[in-house]
Structure formats: C-alpha cells, structure tokens
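First the structure, in the form of structure tokens, and then the observations on it.
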Amino acid sequence: MIYDRRSLLKSMALAPFAGVLAPIARSADEISTSKADYTLRIGTGLVELSPEHIASTTLYNGQFPGPLLRFKEGQRVVVDIHNDTDTPELVHWHGQMIPSDVDGAAEEGTPFVPAHGMRRIAFVPKPSGFRFYHTHVVAGGDLNRGTYTGQAGPVYIEPQHNPGGYDREVFLVLKEFAPTLSRGGDMAMDALAGSPLEGLKQMGQAADKKAKEKAKGFEVSYELFAINGRMLGHGEPIHVKQGERVLFHVLNASATEIRSLALPGHVFRIVALDGNPVPTPADVPVLWLGTAERVSAMVTMNHPGVWVMGDLADDDRRHGMGIVVEYAGQEGKPQWVKPKPFRWDYTRFGKTTAVPALPAETLEITILKHKAALNGFNQWTLNGEAFSMQSMKPRYTVHEGRRYRLKFRNASDDIHPLHLHRHSFELTRVAGKPTSGVIKDVVMLGGFQELEFDFVADNPGLTLLHCHQQLHMDFGFMALFDYV
Ligand SMILES: [Cu+2]
C-alpha cells in the first residue's frame, strides 16, 4: 500500500487535536508532492451571454463565473494555478485572512503566476462565509486586463457549525461584458443614505478648478450585462416553489460599477454582508452592492408568478442585468415592477445600542480626484499622495494586536468601494451615523461623505488598502500597510 501522508493528515485533521497538527500539514515537501485539491486554469475563452452575444475574454477553467469553490473553514487547501495566457497573472483570495505570499497582490509581495507557467499555493481558508477569487493585476487603460475580464468566481467557506434554516442556496454573480472607454458620466447619487458634506464638496470643486484638463476623465461603460454569465431571458430561470426559503448569495463582480437588484413583490432579509452574519438581520426591498461586495439574503417565496429579478437601471437591465424567477405551475412573460426609490444604509444591519471598542489610533484619509490628470484618466490621491507602482512603498505602519480606526473623507462625487486585504473591518460610522457590529471587507463610501471603520492588526504581513473600482486603484487609489 502506498503511504499517502496527505490523505492521512486530512483524516487526522478531523480529529479533536487538529489544531496541534496543523503546522505539520504546512510543510513544504508535503505541498510539493501531494495532488492539488483544486486546479484553476487561466485562459482565453468564450462566454455565451445569449445566442447573439458571445464574449471573448479571459476566464477560469473556461467558464464564467469561475467554478464555485467550497472550502471548509480551517482545513488547508492546495490550489494549482495554471496560466495559459501571454501575461503574468495573480489570483486574489478576496476576504480571506491568509499570508501575503498567497493573498494574490503583487504590492504585498505575492509572486505572479508566470505566463504559460503555473504556481502551486496552499493556505488555510478562513473565515467562514461567502468570499470570492479574482485577478489582481493592473489593467490601466487596457480593458482586456484585470477585472474587466471574466476572471472571477465565488468561494463558500463552510462554517464549522452551519445554521441552516433555508431550503436552497442560489449563487448569483453580477458582471458586465464588452467594456469601452468614454468621457465620464455621473455617479448614481441615489444609492446611499446620508447627505453630502459642504466642506468636502468645496474641496472637490477647488481641485476641479485647479485641473489643467477641463474635460472629464475616462470612465468605463459596458455593452452587455449578465447574471451568472447569461443575459436576462437567456439563462435557465431560478425555479422556486411557493413557501420555499431561498438563500441568495449575490456577488458584484463588476470592475467598476455599483449594482442594484430587486425582485418584484418580494423582500430580501439580509443575513450576511461580505459573508459575515449581521447583528440585526433586516428586510429590504432593494440590494445595492459596490464592486466586490457580497450580500447573503433570504427570500421567502410567497408571491407566485414569473418575475424579473433585475437591476433598477432600466438600460442595464434591458441589456441583460437580470434573471427570471419562475414559480412552479406559473407561466407567461416575466414581469418587472419598478420598486420605490430605496437608499442603502449599512447601519440598519448594525447593533442598535452597543458602541465599538476604542481604537489605539485614528488615521484620517482624504480622497481627492485630479480630473483627467493622467493621459485623460482621473488620478486619485490619499492625503495628497498617489500610490507609486514603482516604489510600492508602505504608507502606514501598524503594531500587531492594536485596533486602528480609518476615517475616510471623500472629496469627490464618486462612490468608492473601499477594500482592505487580509483583514476584516467593523463599521463604526457611516455618513455621520454611528454603528457597530457590521463586519466587512468592502464598503461603499458615498460621494462627498465620510465613513469610519476599525480593524485589528491581527494578520502580520504587507496589507493593501484600495478602492475596488479598477480605474481608481490603477490610478493612485491604494496604500500599503506594514507591520512593525
Ligand atoms: Cu474609488
């Protein structure tokens, strides 16, 4: 019989002493000799959005979205990443607390997966909940690179104890295709609760006046929209039965856009944000998700019919951003009913009374847009400084174990989906409203608004903070944290 140390360790990991054995399981020779648990292959492929619209882009394992990877919290996985393209790639494990060398960000020192090469990685998935994986390369002005491609897939890390309470899980990945550059539009200002601050507006206007370029900077627009890689009306409907409780895991895998979602006649009970259970589950008629955000929402199917579950933006929905929900025994043309305006307010899902712990230090970060400053692209600065891709110099130093508060002041009209790698954070103030208990890894900062979140420095190694809007991160909106 062949001695297979890996499978032995795997079965031992289920034993009560798993924690003691874990370090052995990470040994290098074991990683190199064992078979991978998962294989991701990066390559060009086709996505049939509809019979008339077939997108050619870069994919994981030839499909969009990439395969749903189900991990077990705390149980180590080995992943082989093959890169069949002509350019080096990076796979970022979004929302997981793993070491910098496997996190998938060059700025943190993760090695690239070479062109026409491969890299084997191993890590212990955590924390449990809805995460995802996506490319983390710089696209700049190249819309065939980075998150403009189809390189995104869902991850679900099974908790050690599953609360259950639903009949079925449905994963929805929202994503646009066929991107083009255009001279800026205006951001949807009706997505988020809270008001713009006069002081921040004036700061933004002053920067606009100083700009040498009078035209707006480039923005990305899209021709085609899809859920799970199918335009509205072209995929298989979600088949439901009356009375069923369906748990939707929704991921906004857009490179640049804020998305909304509504299902006429139904409400979403928000149970988790970015995969983390919320302290106060609440019912909402509309979901709003910034780039890379996830929402887990329970829907009780109590309104029989054939419905369009779709984006509130008419143009985007008509170009595919939706999916049909069909009750058993019902037929006919899918119906869309425009919901009443609804502003997204994270504090609704927070603790109503408890105050968050006090931070050891507060770092204030003011965000400014420099109109069309970089060959027609807007440049972004944090306290006057744009991230340098050349030096990749760390900006902030943190001490392990300390709690830090980041106070963001947005002197631009854009919504910024702020993302912190390798750590979770707790929202403490959103547009002037105090809160606690909402744990996330991406959060939307409204135009001319302020937002505060706390994180505990509990995962040593270089850590990237950036806006998840690809155009913003590529043109200055990043900062590196290092541990003392
Ligand atoms: Cu941004």
Side-chain angles (χ1 to χ4, degrees), residues 92 94 105 107 134-141 143 146-148 176 179 181-182 184-189 191-192 194 196-197 200-201 203-204 207-208 211 216-222 252-259 274 288-293 344 346 363-374 376-389 395 406-421 425 427 430-431 440-453 464-480:
H92 169 49
H94 186 118
E107 298 82 359
H134 63 83
T135 176
H136 210 283
V137 299
V138 177
L143 302 184
T147 56
Y148 301 115
E176 309 83 2
L181 289 170
S182 57
D186 289 307
M187 261 281 168
M189 294 298 273
L192 300 177
L197 295 176
L200 291 172
K201 261 188 175 174
M203 211 184 284
D208 279 356
K216 283 186 171 179
F218 294 127
E219 299 287 350
V220 175
S221 36
Y222 304 88
N252 179 1
S254 176
T256 55
E257 303 233 308
I258 311 292
R259 298 253 64 98
D274 295 348
W288 284 99
L289 299 99
T291 304
E293 278 193 297
W344 188 250
Y346 295 108
L363 306 168
E364 199 174 281
I365 297 174
T366 302
I367 299 148
L368 207 55
K369 171 162 69 181
H370 305 270
K371 225 168 55 170
L374 293 171
F377 289 91
N378 296 321
Q379 187 184 38
W380 296 89
T381 56
L382 307 180
N383 296 343
E385 208 179 301
F387 184 77
S388 163
M389 293 286 183
R395 175 84 167 263
L406 301 185
K407 178 179 178 176
F408 295 93
R409 304 175 67 230
N410 183 6
S412 73
D413 58 350
D414 301 59
I415 294 174
H416 299 291
L418 307 167
H419 173 45
L420 183 65
H421 280 232
F425 52 75
L427 301 183
V430 181
K440 295 183 61 50
D441 51 62
V442 185
V443 65
M444 285 183 278
L445 165 63
F448 303 121
Q449 290 190 1
E450 291 181 349
L451 184 141
E452 293 173 26
F453 66 63
L464 195 61
L465 166 80
H466 66 88
C467 181
H468 219 286
Q469 216 280 22
Q470 181 91 49
L471 272 179
H472 299 183
M473 67 183 284
D474 289 349
F475 293 96
F477 201 145
M478 287 212 234
L480 262 181

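Counting starts at 1 for both ligands and their atoms, in listed order. As the structure is a prediction and not an experimental result, all values here were calculated from the model. When a residue number appears, it is its place in the shown sequence, counting from 1.
The closest side-chain heavy-atom distance from His419 to Met473 is not below 4.5 Å. The shortest side-chain heavy-atom distance between Phe453 and Phe408 falls under the 4.5 Å cut-off.
In plain terms, the two heavy atoms of Ser412 and Lys369 that are nearest each other are CB-CB, 4.1 Å. Of all heavy-atom pairs between Thr291 and Ala255, the closest is CG2-O, 3.7 Å.
The N, O or S atom of His416 with the smallest distance to the Cu ion (ligand 1) is ND1. Restricting His472 to its N, O or S atoms, the one at the least distance from the Cu ion (ligand 1) is ND1.
For His468, every N, O or S atom stays at 2.8 Å or more from the Cu ion (ligand 1).
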